2 protein chains.
Amino acid sequence: MGITKTGLFSDRQNKLARMAKIMAHPARIAILDYIIKAQRCICNDLVVELGLAQPTVSQHLKELKSAGLINGAIEGTSVCYSLNTENWKLYKETFLNFFVDAASLRQVC
Amino acid sequence: MGITKTGLFSDRQNKLARMAKIMAHPARIAILDYIIKAQRCICNDLVVELGLAQPTVSQHLKELKSAGLINGAIEGTSVCYSLNTENWKLYKETFLNFFVDAASLRQVC
DNA sequence: TCGCTACATCGTAATATAATAATATAACGA
DNA sequence: TCGTTATATTATTATATTACGATGTAGCGA
């Protein structure tokens, strides 16, 4: 993506951007949608549901997991993925705080 | 970035991902932070504030503008950038809706 | 008109992402 | 043990993003 000059920005700004980046792909949104609806899923469910190849889905799951948004628990030959509710709240609050800041703004130009 | 298979996902999912992508860079978060605080700014304010080159800032402003998050009004030799409050609300609600969906979820595995 | 200021655009290098085929790993049932 | 199922990892291709120098454009004051 080119070199993002992380050093120029605050921790908060970098963190918020990183959080947004996790959600910046429709496949990851679709995965989260599915998990929210079904409460849990295995990788193959998503392969069928999304129509993406298995390695692609696996890669997206890995990103969501390393971002802390989902948990993966091994269950025999499959992995049970579910929402990490604690971090989910954190994400929610972080975005909320950002958008709330401008609640009282008026259009200037 | 590789080819995102947009066709596999719903309009809502694609839209949400697109919105997230706009916010997925700390420079753009910093620009929005600045505009929220100062109500308005010109490109050069941000060049000084952020420490990025003028073309880089200009490019980020262009993306924020084409996403509808900010307005730009020509004022003599400069351009007055300010928040597009209507679309800001839209963003806020869109993210809210997404996160609210999972409010009552319990950790499953 | 000249020069300055403020931006935008173009071109390009460096780097990150998305997607997948091929392959590896790991559990389980026959 | 062998085959099957489920997933992860690796390597690679195609494409997008970030950043900036160089350059173009446009308004404005002297």
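We name chains A, B, ... by the order of the sequence lines, and we start the count at 1 in each one. Every heavy atom of this structure was used, including side-chain atoms; hydrogens, water molecules and symmetry mates were not. These figures come from a predicted structure and were not determined experimentally.
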What I'd like to find out is whether the side chain of A:Gln13 reaches to under 4.5 Å of the side chain of B:Asp33, using heavy atoms alone.
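A:Gln13 vs B:Asp33: side chains touch.
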Roughly, in whole Å, what's the span from [atom1] in [X] to [atom2] in [N]?
| X | N | atom1 | atom2 | value |
| --- | --- | --- | --- | --- |
| B:Ile3 | D:dT15 | CD1 | C1' | 7 Å |
| A:Ile31 | D:dT7 | CD1 | C1' | 14 Å |
| B:Ile22 | D:dT17 | CD1 | P | 9 Å |
| A:Glu63 | C:dT17 | CD | C1' | 8 Å |
| A:Lys21 | C:dA18 | NZ | P | 9 Å |
| B:Arg40 | C:dA6 | CZ | P | 13 Å |
| B:Arg28 | D:dT17 | CZ | P | 9 Å |
| B:Gln59 | C:dT12 | CD | P | 15 Å |

Under the side-chain contact (heavy atoms from CB on, under 4.5 Å) test, which residues partner [X], sequence neighbours left out?
| X | answer |
| --- | --- |
| A:Asp45 | A:Tyr34, A:Cys41, A:Ile42 |
| A:Gln54 | A:Cys43, A:Val47, A:Ser58 |
| A:Lys5 | A:Leu8, B:Leu52 |

Mind checking what makes side-chain hydrogen bond (donor to acceptor under 3.5 Å, both in side chains) contact with B:Gln59, not counting sequence neighbours?
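Per chain and number, B:Gln59 pairs via side-chain hydrogen bond (donor to acceptor under 3.5 Å, both in side chains) with no residue.
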Listed by chain and number, what are the side-chain hydrogen bond (donor to acceptor under 3.5 Å, both in side chains) partners of A:Thr85, not counting sequence neighbours?
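Here the qualifying residues are B:Gln107.
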For DNA chain C, determine which residues of residues 41-56 of chain B have any heavy atom closer than 4.0 angstrom to one of its atoms, and list them numerically.
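When residues 41-56 of chain B is checked for heavy atoms under 4.0 Å from DNA chain C, the hits, listed by number, are B:Ile42, B:Cys43, B:Asn44, B:Gln54, B:Pro55.
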Neighbour count >12 (heavy atoms, 6.0 Å) for atom CG, A:Leu90
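Above 12, so yes.
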Report yes if at least one side-chain N or O of A:His60 is closer than 4.0 Å to OP1 or OP2 of C:dA19; otherwise report no.
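Yes, such a contact exists.
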Closer than 4.0 Å, any side-chain N/O of A:Tyr81 to the OP1 or OP2 of D:dA8?
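Yes, because at least one side-chain N or O of A:Tyr81 sits under 4.0 Å from OP1 or OP2 of D:dA8.
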Nucleotides 27-30 of chain D: which of its N/O atoms have a protein N/O under 3.5 Å away?
none

All pairs passing disulfide bond (SG atoms under 2.5 Å apart) where residues 48-85 of chain B contributes a residue, at least two apart
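For residues 48-85 of chain B, and leaving out neighbouring residues, the disulfide bond (SG atoms under 2.5 Å apart) pairs sorted by first residue read A:Cys109-B:Cys80.
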Between A:Phe9 and A:Leu61, who's closer to the 5' end of DNA chain D by nearest nucleotide?
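It is A:Leu61, whose closest nucleotide lies nearer the 5' terminus.
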Sugar-phosphate only, base, or nothing, as touched by B:Ser58 at under 4.0 Å among non-hydrogen atoms:
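Base, at least one base heavy atom under 4.0 Å.
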Any pair counted as salt bridge (charged side-chain N to carboxylate O under 4.0 Å, His left out), so long as it reaches residues 59-88 of chain B, sequence neighbours left out:
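Output for this query lists B:Arg28-B:Glu63, B:Arg40-B:Glu75.
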What's the closest nucleotide to the side chain of A:Val79 if the choices are D:dT18, C:dC7, D:dA8?
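Nearest to the side chain of A:Val79 among the choices is D:dA8.
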